[in-house]
Amino acid sequence: MQPMTDKYREEAYTHADLYCIRHSAAHIMAQAVLDMFPDAKIAIGPPIEDRFYYDFALPRSLTPEDLETIEARMRDIIAGDYTFERRVVSADEAAAIFADQPFKLELIEGLKAGQFDENGNPIDDAPEISLYTQDTFTDLYRGPHVASTADINPDAIKLLSVAGAYWRGDENNPMLQRIYGTAWRTAEELEQHLWRLEEATRRDHRTLGKQLDLFSTNDHVGAGLVLWHPKGSIIRREIEAFWDELHDASGYDFVYTPHIGKSSLWETSGHLDFYADSMYAPLQMDDGQDYYLKPMNCPFHMHIYNSRTRSYRDLPLRFAERGTVYRFERSGTLHGLLRVRGFTQDDAHHFCTRAQMPDEIDFALDFCLTMLRGFGFEDFAAYLSTRPDKFVGGIDDWEQAEVALEAALHRAELSYEVDLGGGAFYGPKIDLKVKDTLGREWQLSTIQFDFNLPERFDITYTGEDGHEHRPFMVHRALLGSIERFFGALIEHYAGVFPVWLAPVQASVIPITDKHVAYADEVKKRLKAAGIRVEVDDSGNRMGYKIRAAQEQKIPYMLVVGNREMEDGTVAVRLRTEEDLGAMTVEDFIARAVEVIEAKSADL
RNA sequence: GCCAACGUAGCUCAAUUGGCAGAGCAAUCGCUUCGUAAGCGAUAGGUUAUGGGUUCGACUCCCAUCGUUGGCUCCA
């Protein structure tokens, strides 16, 4: 279980040929853009995961047609078989070469001072300045490149999109135009990559949410505020029922707290100091008080803790709540269910003594994995974030907490990356991401120490020694937000939910109107067994009804005609297109109930 | 918030240079009563996101607002 840092990852990629291919492709693209816009100012153009980009300041906005032109020009340059020639120069020489390229001059200054490299990443030492030239284009780059432009496969490159990006990632800087492209060794690899992109589109939870009638948002309600439709709500209720069941079995106390609280509460918690910008504006009432919609549940839980004296005998104490919180996220950041303004955190706060703390973390991580595995996620990526430069609390507490987090990761046999100094100012944390069937990572769970709020709310317990002590407090969210989790779940399953989550589990399909009464009878019996079932009594033919059920990804289609009516059976067709033939209603119920109770992925 | 694109029927999309807003699916009503992914016909459905402007005339051009999308920034 080796920790793998970002730096290590980047190193590994640097030496791979795809890194060279993409970086070289970026340079070729920059040359193509300069051919088209001789006055263009070029910024940076690094390879990134699966792709590359280059940023430009251009006299006008690029259009999708421009991308085609640029791509065609890139193929010409590739066909030209121009060598990538490396040259080491002094900073002054470099400055002379890039005299009319202000972004490059800034980078050269950075290289000279040893502040950041040619991609704008922070570095320690001043490296030598090397240039690469192909044909008419020269760029700053440490290397390596492919030998010649002809080493790029013209059938394995594609420009993907154009987007705005701030120079050096700082929103106070000018906005540049960024062209994203992708480059691979072979046309097959490119094809595969494009297929993955299409597959991601096919699984898009926003599209599926509409098709399956799961949820919507609405101009009249407000951006980032989700309406859960009946079918989406069924899934949510199943998620929540499972969540309740596990929490009940694991020593949690359930709590409920209000949606708003007085300004003084958020002053005490510090939220108004740090996060006022992303909180909804206050409700100003006649009592002279300002009330705020809650951006977090913690302050309320603090007050529940503080509502009486606590003994070490009470600890560990675990308050759990699915609390709906509101954050006024910047408009440009909203995205389907994944980034919204009103969402339900599956929150819990653990309070424990110093001695209990390591076990408490073990417990929290185990619990987390149990829950996520229950939803069919098997592949996890863990991230440990440690103490930043600015922090509150004692260094000893931080160190013990970090040790406990790391030990829990080892015990759970999770590989993880360490983000040194990446923790929040109030405590170190573990973030857990799940990988879906396409290998994409979804940030869901977090287990996070807090050395700030216990202090601010002055929470204590009476120890064995009769004195007051400060408990350790841990925030913990497993699914993160129910909305975001739902989005991830939709995409993970591509809307083809396991039976226990499927909004409609069985569709009874009468072949003609004569069979509707029997279909209703079947429905009644299935319903009594707790199966979510509907009868398709539309005037359509059987084939049409099957198609309709198939499109709604309903797991079981129960066809009933004369034969079934006489025998008291149903003809079972699965959404996998497998035909199980006729079986008695009791047999079907037994099978379905077993699958549902086991939360099985199979039908 | 920033850059860019977009917003037409419940859904997916058309509509020539500014000149009568249309199709498929879904819905409704008929006909059909059918054996494992779309039977036939008819009807209805619109202040073209909202508000303003230019014009004889605006879905089309301009401005503002709201929303969506791709990114950037942010994400307690």
Side-chain angles (χ1 to χ4, degrees), chain A residues 53 55 57-58 60-64 160-180 201 204 206-207 210-211 213 216-225 266 269-279 294-299 325 327-336 338-341 343 345 424-427 429 443 446 448 450 452-453 475 477 480-481 484 509-516 538-552 557-564 571-575 577-582:
Chain A
Y53 67 81
D55 289 348
L58 300 173
R60 65 165 174 87
S61 298
L62 292 171
T63 64
L160 300 170
S161 60
V162 55
Y166 299 110
W167 165 237
R168 297 171 58 71
D170 185 334
E171 63 181 320
N172 299 310
N173 285 340
M175 177 71 67
L176 306 175
Q177 295 190 63
R178 171 173 299 180
I179 304 176
Y180 281 100
T201 307
D204 192 308
R206 293 165 302 186
T207 314
K210 226 177 250 173
Q211 275 169 17
D213 197 12
S216 62
T217 56
N218 187 299
D219 287 16
H220 301 287
V221 176
L225 302 171
W266 309 108
S269 71
H271 287 101
L272 275 178
D273 284 341
F274 295 112
Y275 308 112
D277 284 353
S278 49
M279 287 168 70
K294 65 175 169 183
M296 288 198 85
N297 300 303
C298 346
V325 299
R327 299 178 184 178
F328 196 78
E329 303 283 1
R330 281 159 41 141
S331 59
T333 63
L334 300 175
H335 180 93
L338 303 183
R339 188 80 179 268
V340 291
R341 286 184 174 157
F343 60 96
Q345 281 189 318
F425 72 91
Y426 53 81
K429 63 173 176 177
Q443 155 83 60
T446 185
Q448 187 149 20
D450 193 327
N452 183 42
L453 289 184
H475 301 263
S481 113
R484 158 183 279 268
I509 297 177
I511 289 176
T512 75
D513 288 353
K514 288 183 303 202
H515 310 114
V516 170
S538 67
N540 296 303
R541 313 178 82 133
M542 184 197 63
Y544 185 95
K545 295 175 182 177
I546 286 174
R547 179 182 153 84
Q550 197 77 42
E551 281 185 337
Q552 286 298 303
M557 285 154 252
L558 310 179
V559 176
V560 295
N562 285 334
R563 296 200 291 272
E564 289 75 18
V572 181
R573 178 198 158 101
L574 307 180
R575 69 180 166 202
E577 294 183 40
E578 191 183 345
D579 188 350
L580 298 186

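Residue numbers begin at 1 in each chain, while the letters A, B, ... track the order of the sequences.
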Sequence-aligned protein contact record of nucleotides 25-34 of chain B, with B where the base is within under 4.0 Å of a protein heavy atom and S where only the sugar-phosphate is: -S------BB

Between the protein and nucleotides 6-12 of chain B, list every N/O to N/O distance that falls short of 3.5 Å.
residue	atom	partner	partner atom	Å
B:rU12	OP1	A:Lys210	NZ	3.4

N/O contacts under 3.5 Å, protein versus nucleotides 40-48 of chain B?
none

Collect all protein-nucleotide pairs involving nucleotides 73-76 of chain B in which both atoms are nitrogen or oxygen and the distance is under 3.5 Å.
residue	atom	partner	partner atom	Å
B:rU73	O2'	A:Glu171	OE2	3.0
B:rU73	O2	A:Arg330	NH2	2.7
B:rC74	O2	A:Arg339	NH2	2.6
B:rC74	N3	A:Arg339	NH1	3.1
B:rC75	O2	A:Arg339	NH1	3.2
B:rA76	O4'	A:Tyr275	OH	2.9
B:rA76	O3'	A:Tyr426	OH	2.9
B:rA76	N7	A:Arg327	NH1	3.3
B:rA76	N6	A:Ser278	OG	3.0

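Within the 4.0 Å cut-off from OP1 or OP2 of B:rA4, not a single side-chain nitrogen or oxygen of A:Tyr180 is found. Side-chain nitrogen and oxygen atoms of A:Arg178 include none within less than 4.0 Å of the OP1 or OP2 phosphate oxygen of B:rC3. Regarding contacts with the backbone of B:rG70, a side-chain N or O of A:His335 is found under 4.0 angstrom from either OP1 or OP2.
Rounded to whole Å, the P atom of B:rA42 lies 36 Å from the corresponding atom of B:rG51.
Remark: the A:Glu564 side chain and the B:rG35 base include a donor-acceptor N/O pair separated by less than 3.5 Å.
Ion pairing of A:Arg178 with A:Asp55 is present here, as a side-chain N (NZ or NE/NH1/NH2) and a carboxylate O approach within less than 4.0 Å. Using a cut-off of 4.0 Å between Lys/Arg side-chain N and Asp/Glu carboxylate O, A:Asp170 and A:Arg168 are scored as not salt-bridged.
With a cut-off of 3.5 Å on both Watson-Crick or G-U wobble distances, the partner of B:rC20 is given as none. With a cut-off of 3.5 Å on both Watson-Crick or G-U wobble distances, the partner of B:rC59 is given as none.
The side-chain hydrogen bond (donor to acceptor under 3.5 Å, both in side chains) check on A:Arg541 picks up nothing, with sequence neighbours excluded. Evaluation of the side-chain contact (heavy atoms from CB on, under 4.5 Å) rule for A:Asn218 yields A:His220, A:Val221, A:Leu227 as partners, not counting sequence neighbours.
When heavy atoms are screened at a 4.0 angstrom cut-off, A:Ser61 is found touching the sugar-phosphate backbone but no base atom.
Between the side chains of A:Gln550 and A:Arg573, at least one donor-acceptor pair of N or O atoms lies under 3.5 Å.
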